Every structure is written in structure tokens, then in C-alpha cells.
Amino acid sequence: YAWCALAIAARKPFFTEDGPMNLWLSQLDDAECEDFEDDIIAPIKKNLIFEQSHSCNDNADIDWDEYDEADATDFTESEFDNLIEKYVGHDKVVIIPSVIFDGIDYNAFENCTSVEGIYVPNGVKQISVGAFSECTNLRQIRLPEDLDVVSSFLLSNCKKLEKVIIPNSVTIIENNAFYGCSNLKYVFIPSTVTEIGHEILSDSPAFICSDKADCYAKKYADANEIVF
């Protein structure tokens, strides 16, 4: 009864649907945990899942409004499809210009070790494989709300990245998307995601959270022994 043990160890009020409930070692022994699984433990578990999911949905470390858009000359453009081919600038926080680009090409930011933050505006619908890989000082990224696929190795080996908030537009996360992100604490995966590839958190200690407890991300986490 891990949830019971957690409740006892916390020794503080928990809020269930019926209001606050104080849980103390003297009030809950093993037998009581078994007897009151439905009445006590299940509501606590439900509440903690809700709080975990919403407390991790915070992406405000970098105030994007404090930075100007990068100059268009900081990017080389692909001959086709209006994609960013390569970032050649030197900003620590890169605000990709809105409207100008429709997508980001393969490995466009690869090995941009000076970059600490990347803001991808809405309107960018495609971000290709490994676009931000090996950005070893990247701490935070904002993904666009028009994105429907998180590509393979998208943020692989971003060693200082602490969290990723995937927008509600995404339905697919491909293989190894966050491979080697050794400092990653969590990935917020919305309930809109219905397909997740292999080993998205390989060599990463992150847990997964979502906006719903009953979602594909939860099933994926359970199947792969990832904390949810």
C-alpha cells in the first residue's frame, strides 16, 4: 500500500472531494489501509495525480517578452518549403521570427552550445528530426501550438534541459525524442497524444505528467516503468 505509506509519511492534510483529511500513523495502520482503499486511498491518489499534472505545467522560467525576435539573417533558409536550414546567430535566447518560417529543418540548431532558450512561434508546423539536438546549454524551449508531431531525437542530448511542455496540438511523439536529456525533470504530454515511440526518455530521469490521469501517456508510462 504505497499510497497509504505516502500519506502517512507526509503527515499533513490532504484534500479529497469531501474536504481536508488529516492522516496520521495512529489513524492508518495496514489493516485500515486495506479496509478503506476506496474511501481514503483512492481519492488521495486521484488528488495527487491531479496536483502533479498541473503543478508541472509551468513554463515560465524565461520571460520571453524580455527578448527581441532574432534577425532573419541569423538563419539560413532551405531552398524548399520555407524552412530554417541552419541557425547561424549567437544569441543566448533565440526568439524565432513569426510569420517568416513555416518549419525547421533537420539538425537546424544542432550543436548550438551557446543557446539557453528557444521560442518557436505559432505558425511553425513542422520541426524535423534532431532539430535541437546537442544544444548542451539549452534550459528551456517553447514549442508552437500548430505542431502535430514531435520528431525523433528532437531534443536529444540537451544536457541542461529541465522540462518540456508539449502543446495540445501534438498527437504523435516519435522515437528517442528526449534521448540523453540527463537533467530533464519532467515532460508534460497532453491527452491529445495518441502515439508515442520507443525510448523517448532513454538516459533521462524525467517523469511524465498530463492533463488527464486516464490518457495514452499514462499507459505508455506504465508500460515503460516511467513515473507518472
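Source: prediction; values computed, not measured.
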Practice prompt. Test Leu161 against Arg139 for side-chain contact (heavy atoms from CB on, under 4.5 Å), laying out the working first.
Written response: CA-CA 4 Å; Leu161 190 66; Arg139 295 190 294 109; 5.8 Å; no
Worksheet item: What's the verdict on side-chain contact (heavy atoms from CB on, under 4.5 Å) for Glu85 and Glu77, showing C-alpha distance, side-chain angles and the deciding distance?
Response: CA-CA 5 Å; Glu85 184 177 52; Glu77 187 175 347; 5.8 Å; no
Worksheet item: Could you walk me through whether Leu143 and Ile165 pass the side-chain contact (heavy atoms from CB on, under 4.5 Å) check?
Response: CA-CA 8 Å; Leu143 296 173; Ile165 308 296; over 6 Å; no
Fill in: Criterion side-chain contact (heavy atoms from CB on, under 4.5 Å) on Val164 and Leu155, from CA distance to verdict
CA-CA 10 Å; Val164 177; Leu155 290 155; 4.1 Å; yes
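Between Thr192 and Pro167, the closest heavy-atom pair is OG1-O, 4.4 Å. Shown here for Ser128 and Leu154, the closest heavy-atom pair between the two residues is O-CD1, 3.9 Å. Taking all atoms of both residues into account, the shortest heavy-atom contact from Tyr119 to Arg142 is CE1-CD, 3.6 Å. The heavy-atom pair separating Asp148 from Lys125 by the smallest distance is OD1-O, 4.2 Å. Closest non-hydrogen pair, Lys163 versus Leu184, comes out as N-CD1, 3.4 Å. A pairwise comparison of heavy atoms in Trp64 and Ile118 identifies CH2-O, 3.5 Å as the closest pair.
Under the 3.5 Å distance criterion, the side-chain polar atoms of Gln140 are matched with a main-chain donor or acceptor of Ile62. Looking only at distances, no side-chain donor or acceptor of Tyr67 sits under 3.5 Å from a matching main-chain atom of Ala70. Ser169 contributes a side-chain N or O that, together with a main-chain N or O of Glu145, makes up a donor-acceptor pair within less than 3.5 Å. The backbone N or O of Cys181 lies less than 3.5 Å from a partner atom in the side chain of Ser204, making a donor-acceptor pair. Looking at Asp63, its side chain does come within 3.5 Å of a backbone N or O of Asp65 through a donor-acceptor pair. Side-chain atoms of Asp203 do not come within 3.5 Å of backbone N or O of Tyr179 as any donor-acceptor pair. Counting only distance, with no hydrogens or angles, the side chain of Ser210 and the backbone of Ile189 share a donor-acceptor pair below 3.5 Å. Between the side chain of Asp211 and the backbone N or O of Ser191, at least one donor-acceptor pair lies under 3.5 Å. For Asn82 (side chain) and Ile100 (main-chain N/O), a donor-acceptor pair under 3.5 Å exists by modelled atom type.
Within the model, atoms CD1 of Ile200 and CG of Asn175 stand 9.5 Å from one another, a figure rounded to the nearest 0.5 Å. Atom CG of Asn107 and atom SG of Cys112 lie 10.5 Å apart (nearest 0.5 Å). Here the straight-line distance linking atom CD1 of Ile173 with atom OH of Tyr216 works out to 10.0 Å at 0.5 Å rounding. Distance check, rounded to the nearest 0.5 Å: OG of Ser78 to CD1 of Ile104 gives 12.5 Å. The CG atom of Asn176 lies 9.5 Å from the NE2 atom of His198; values are rounded to the nearest 0.5 Å. Between Ile127 atom CD1 and Tyr106 atom OH the span is 13.0 Å, to the nearest 0.5 Å.
Grouping the Ile, Leu, Val, Met, Phe, Trp and Tyr side chains by contacts below 4.5 angstrom, directly or via other members, places Phe153 apart from Ile196. A continuous path of ILVMFWY side-chain contacts below 4.5 Å connects Tyr220 to Ile166, so both sit in one hydrophobic cluster. Cluster annotation: Ile84 and Val129 are assigned to distinct hydrophobic clusters (Ile/Leu/Val/Met/Phe/Trp/Tyr, side-chain heavy-atom contacts under 4.5 Å, transitive). By the criterion of side-chain heavy atoms lying less than 4.5 angstrom apart, applied directly or through intervening Ile, Leu, Val, Met, Phe, Trp or Tyr residues, Phe109 is not grouped with Leu83; the two fall into different hydrophobic clusters.
Between Ser98 and Glu69, the side chains place a donor N or O and an acceptor N or O closer than 3.5 Å (distance only, hydrogens not considered). Using modelled atom types and a 3.5 Å distance limit, the side chains of Asn157 and Glu134 yield a donor-acceptor pair. A donor-acceptor contact closer than 3.5 angstrom links the side chains of Asn137 and Lys160.
With Phe207 as the fixed residue, the ring pair (Phe, Tyr, Trp, His ring centres under 6.0 Å) test singles out one of Phe188, Phe228, Tyr186: Tyr186. If you run side-chain contact (heavy atoms from CB on, under 4.5 Å) between Val193 and each of Asn168, Val150, Val170, only Val170 comes through.
Side chains of Tyr87 and Val115 form a contact here, defined as non-hydrogen atoms less than 4.5 Å apart. Residues Val88 and Thr76 have side chains in contact (heavy-atom distance under 4.5 Å, counting atoms from C-beta outward).
A salt bridge does not link Lys86 with Asp105: every distance from a Lys NZ or Arg NE/NH1/NH2 to an Asp or Glu carboxylate oxygen is 4.0 Å or more. Salt bridge status for Asp214 with Lys218: absent, with no side-chain N to carboxylate O gap under 4.0 Å.
Within 6.0 Å of CG on Asp71 lie more than 12 heavy atoms contributed by other residues, nucleotides or ligands.
Phe101 has its ring centre less than 6.0 Å from the ring centre of Phe75.
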